[in-house]
2 protein chains.
Amino acid sequence: MPRKPEYDRDDLIARARDIFWRQGWAGTSLKDLERELKLKPGSFYAAFGSKDALYGLALNRYAQEGVARLRALADRLGPLETLKAQPRLVIEASGAPAKACMLAKTYAELQAKDHELAGRAGVLMSEMKACFADLFRQAQDAGDIAPNYDPNRLATRYQSDLLGLRLSAERSDVDANEIAADIAADIDRL
Amino acid sequence: MPRKPEYDRDDLIARARDIFWRQGWAGTSLKDLERELKLKPGSFYAAFGSKDALYGLALNRYAQEGVARLRALADRLGPLETLKAQPRLVIEASGAPAKACMLAKTYAELQAKDHELAGRAGVLMSEMKACFADLFRQAQDAGDIAPNYDPNRLATRYQSDLLGLRLSAERSDVDANEIAADIAADIDRL
DNA sequence: TATATACTTGAGTGATCACTCAAGAAAGAC
DNA sequence: GTCTTTCTTGAGTGATCACTCAAGTATATA
């Protein structure tokens, strides 16, 4: 009997993710969202409940797609080449609204407030770290990386490097391609 | 003839820096500042003009003290040992209000808005990068680092690594000491 | 002591914040 | 067509934002 919504919910979440990713949590007002999503306040709150709830959905979507992209890459290239390619790919992503990692930006912005979304971002970063550790482990099993390294430690350092790289890539006075190449070169020395 | 202010301006700037550093630009309200600095709005605006102006002073102070600390360290340890010690020191700093770099947090938060303070943060990061490049150059001149490396490129990568390290150090699921040790170990391999 | 000068105080400004809700519009079920 | 259900609309909520300003207070100089 009911009427169907005029919007595509998944599409709205993806668009919201891009806005939040670029502008941050405090930097994005409901006015911004209403304008970009073409939703009046009533529809917005009927659909998502709150700004924070939508941010949470956007964050999950961001992380989920990141993991999916990494796994797809690993299926094509194998673990070692994936780890070597990721730094370059992550700063090339031409359609992305920002170079820096949305999880890191969220964590940095909201952690001091003990905001629930910071906790969520932390968990998602941890899951991403686990993905990297898996790849390092697989590369080790394949004999591409010396067996004396601890894959968890490698993953921790690798993720830290990626966070730095992606933040640096936002700067105009930094050649992020050089950093990406140097990170990839480090993988080869393991 | 006039009356003297009851506050120590330098001390207020340092305290404001700590608040901004921890909570960010949007995350710090004038109420926060008035409470922590024990200043009524009238005194605040007479002293600093605006929230942004005080943030600018705090940012300059942050960068200036960072450079001073690095130079002092270099005088004691020499360039190579300074570069090796810095990662550990920067995440140890027990009195600091946050592990992450205030310049990076400012840049990440405000760059999308084209805020003047983001530009300032970028310039200050660039100056810091130049300091690192100087140290790499000096270490090269001293024969501690092979001469075929480009000190500017080393500095870019090093700063990127430090940004990642300092962001990672805010996370409870990451052992930042391991990352710091690994960054220092990288210096030794040059 | 008298005066000039600046500092302190805090109520109050308009703007914007996230969010609500009642009324109107649209579409499937009958 | 009629009814029921949901979606859309947008004016309006109280709270908080950065900021102002006039009145009161303290102090160094004359």
Side-chain angles (χ1 to χ4, degrees), chain A residues 1-13 15-59 105-106 109-110 112-118 120, chain B residues 1-13 15-59 105-106 109-110 112-118 120:
Chain A
M1 299 175 173
R3 182 179 171 187
K4 279 183 193 166
E6 290 178 0
Y7 50 76
D8 174 352
R9 186 180 162 88
D10 275 0
D11 177 56
L12 289 188
I13 294 174
R15 301 229 303 274
R17 175 203 57 204
D18 288 355
I19 303 169
F20 283 132
W21 186 357
R22 200 161 56 84
Q23 306 186 352
W25 180 81
T28 305
S29 72
L30 257 124
K31 277 245 162 82
D32 291 334
L33 293 168
E34 287 163 21
R35 188 178 49 250
E36 299 290 327
L37 305 185
K38 292 175 172 54
L39 236 49
K40 307 291 173 189
S43 296
F44 180 93
Y45 283 91
F48 301 114
S50 72
K51 176 184 168 181
D52 281 4
L54 177 55
Y55 197 105
L57 292 172
L59 208 58
K105 287 184 76 172
T106 302
E109 180 179 5
L110 298 177
K113 296 178 128 71
D114 273 321
H115 196 295
E116 189 196 345
L117 288 167
R120 179 96 61 99
Chain B
M1 299 174 174
R3 181 181 172 184
K4 279 184 193 165
E6 290 178 358
Y7 50 76
D8 174 352
R9 186 180 162 87
D10 274 0
D11 177 56
L12 288 188
I13 294 173
R15 301 228 303 275
R17 175 204 58 203
D18 288 355
I19 303 169
F20 282 132
W21 186 357
R22 199 161 57 83
Q23 306 186 354
W25 180 80
T28 305
S29 71
L30 257 124
K31 277 245 163 80
D32 291 335
L33 293 167
E34 287 162 21
R35 189 179 47 250
E36 299 292 327
L37 305 184
K38 291 176 173 55
L39 236 48
K40 308 291 172 188
S43 295
F44 180 93
Y45 282 91
F48 301 114
S50 74
K51 176 184 168 181
D52 281 4
L54 176 56
Y55 197 106
L57 293 171
L59 207 58
K105 286 184 76 172
T106 301
E109 181 178 6
L110 299 177
K113 295 178 129 70
D114 272 321
H115 196 296
E116 189 196 345
L117 288 166
R120 179 96 62 100

Checklist outcome for this item: In whole angstroms, the gap separating P of dT16(C) from CG of D32(A) amounts to 12 Å

Item to check | Minimum-distance nucleotide to P41(B) side chain [options: dG10(D), dC19(D), dA18(C)] | outcome: dC19(D)

Next on the checklist: For L37(A), run the side chain to side chain contact (heavy atoms under 4.5 Å, CB included) check against L12(A), D11(A), D32(A) and tell me which one passes.
Outcome noted: L12(A)

Item to check | Closest listed nucleotide, where the reference is the side chain of K31(A) and the choices are dA18(C), dC17(C), dT8(C) | outcome: dC17(C)

Checklist entry - Can you name the ring-ring contact (aromatic ring centres under 6.0 Å, His included) partners of F44(A), sequence neighbours left out? => result F48(A)

Next on the checklist: Please tell me if K40(A) has a side-chain N or O lying less than 4.0 Å from either OP1 or OP2 of dT8(D).
Outcome noted: no

Checklist entry - To the nearest Å, how far apart are K113(A) NZ and dT16(D) P? => result 13 Å

Checklist outcome for this item: The reported gap from OG in S43(B) to CD in E34(B) (rounded to nearest 0.5 angstrom) is 9.5 Å

Item to check | Gap between atoms CG and C1', on D52(B) and dC19(D) respectively (whole Å) | outcome: 12 Å

Checklist entry - At under 4.0 Å between heavy atoms, what does Y7(A) touch on the DNA or RNA strands: base, sugar-phosphate, or nothing? => result sugar-phosphate

Checklist entry - In whole angstroms, how far is the P atom of dA18(D) from the CG atom of L54(B)? => result 12 Å

Checklist entry - To the nearest 0.5 Å, what is the distance between CG (L54(A)) and CG (L59(A))? => result 11.0 Å

Checklist entry - Rounded to the nearest Å, what distance is computed from the CZ atom of residue F44(B) to the P atom of nucleotide dC19(D)? => result 8 Å

Item to check | Phosphate contact (dC19(C) OP1 or OP2) by Y45(A) side-chain N/O below 4.0 Å | outcome: yes

Checklist entry - Are K105(B) and W25(B) in a cation-pi contact, defined as NZ or CZ under 6.0 Å from the six-membered ring centre and within 45° of the axis? => result no

Checklist entry - If you check every side-chain atom of S43(B), which of dT9(C), dC19(C), dC19(D) has the closest atom? => result dT9(C)

Item to check | DNA chain C: 5'-proximal contact among L30(A) and G42(A) (nearest heavy atom) | outcome: L30(A)

Next on the checklist: Please report the distance, rounded to the nearest Å, between OH in Y55(B) and P in dA18(D).
Outcome noted: 13 Å

Checklist entry - In whole angstrom, what separates L39(A)'s CG from dA18(C)'s C1'? => result 15 Å

Checklist entry - Whole-Å distance between dC17(C) P and Q23(A) CD? => result 11 Å

